[in-house]
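The next block holds one structure in the form of structure tokens; read it before the comments.
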Amino acid sequence: MTMGRTILAVVVGVVVAWLVIVLSQLAGAAAYPPPPGLDVTDPQQLAAFIQAAPVMAMACVLGGWVLGALLGGWTAARISRRHPRIAALLVGAVVLAGVIANAMMIPHPLWMTAAGVLPLPAAWLGARLARRHPPTTPSL
């Protein structure tokens, strides 16, 4: 039962992280829209767009990765009872794997690729924040 709860915590945490990342990227695309006619399936056009993108647009993407890992890690730690830190770090590892895959498919600025490790400490921080206020159980 305990392991099942930890697995559930990781799955829910990854879903939360994914939703936060998608929403932050949608917000970033609204603030810094791509040029009309950009074919995002063409790697050369996409690479040229990213090279020309403002730093703040790239910071929005990075912020989404970090915030997603933080909130996903927090969620996983709140759900998991016996392994909150492990559950949160697994969420951070999944986000980090996505960042690495993204960086391998789409060229990013070097600073952004280097900062791509931030989801792991963000997930750890999410676990710490979740444990400061343990869930309360209703008294009967």
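Note that the coordinates shown come from a computational prediction; the quantities given were computed from them, not determined experimentally.
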Reported [atom1]-to-[atom2] distance for the pair [X] and [Y], which is rounded to 0.5 angstrom:
{"X": "L96", "Y": "W65", "atom1": "CG", "atom2": "CH2", "value": "10.0 Å"}
{"X": "M56", "Y": "L62", "atom1": "CE", "atom2": "CG", "value": "10.5 Å"}
{"X": "H83", "Y": "R5", "atom1": "NE2", "atom2": "CZ", "value": "12.0 Å"}

If hydrophobic clusters are built from ILVMFWY residues whose side chains come within less than 4.5 Å, do [X] and [Y] share one?
{"X": "V55", "Y": "V61", "result": "yes"}
{"X": "M104", "Y": "V40", "result": "no"}
{"X": "W74", "Y": "L125", "result": "yes"}
{"X": "L67", "Y": "L129", "result": "yes"}
{"X": "V91", "Y": "V16", "result": "no"}

Listed pairs under 3.5 Å, donor-acceptor, residues 105-123 side chains, sequence neighbours left out:
unit_1: H108; atom_1: ND1; unit_2: I106; atom_2: O; d: 2.6
unit_1: T113; atom_1: OG1; unit_2: P109; atom_2: O; d: 3.3

Ignoring hydrogens and angles, write down the donor-acceptor pairs under 3.5 Å from the side chains of residues 44-53, residues two or more places apart or on other chains.
unit_1: Q45; atom_1: OE1; unit_2: D39; atom_2: N; d: 2.8
unit_1: Q45; atom_1: NE2; unit_2: D42; atom_2: OD2; d: 3.4

For the pair R131 (side chain) and A77 (backbone), establish whether a donor and an acceptor sit closer than 3.5 Å, ignoring hydrogens and angles.
->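 Flag set: sc R131 to bb A77 pair under 3.5 Å.
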
Which pair of non-hydrogen atoms, one from V95 and one from A17, has the smallest distance, and what is that distance?
->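 Looking at all heavy atoms of both residues, the shortest contact is CG2-CB, 3.8 Å.
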
Which atom of A87 lies closest to which atom of A9, heavy atoms considered = CB-CB, 4.3 Å

What residues form a side chain to side chain contact (heavy atoms under 4.5 Å, CB included) with P54, not counting sequence neighbours?
->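 Scan of P54 (side chain to side chain contact (heavy atoms under 4.5 Å, CB included), adjacent residues dropped) gives Y32, A57.
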
Which residues satisfy the side chain to side chain contact (heavy atoms under 4.5 Å, CB included) test with V15, sequence neighbours excluded?
->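 For V15 the side chain to side chain contact (heavy atoms under 4.5 Å, CB included) partners, ignoring immediate neighbours, are L19.
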
Partner residues of S80 under the side chain to side chain donor-acceptor pair (under 3.5 Å) criterion, sequence neighbours left out = T6

Determine the sole option in L89, V14, V11 for which the side-chain contact (heavy atoms from CB on, under 4.5 Å) test with V94 is passed.
-> V14

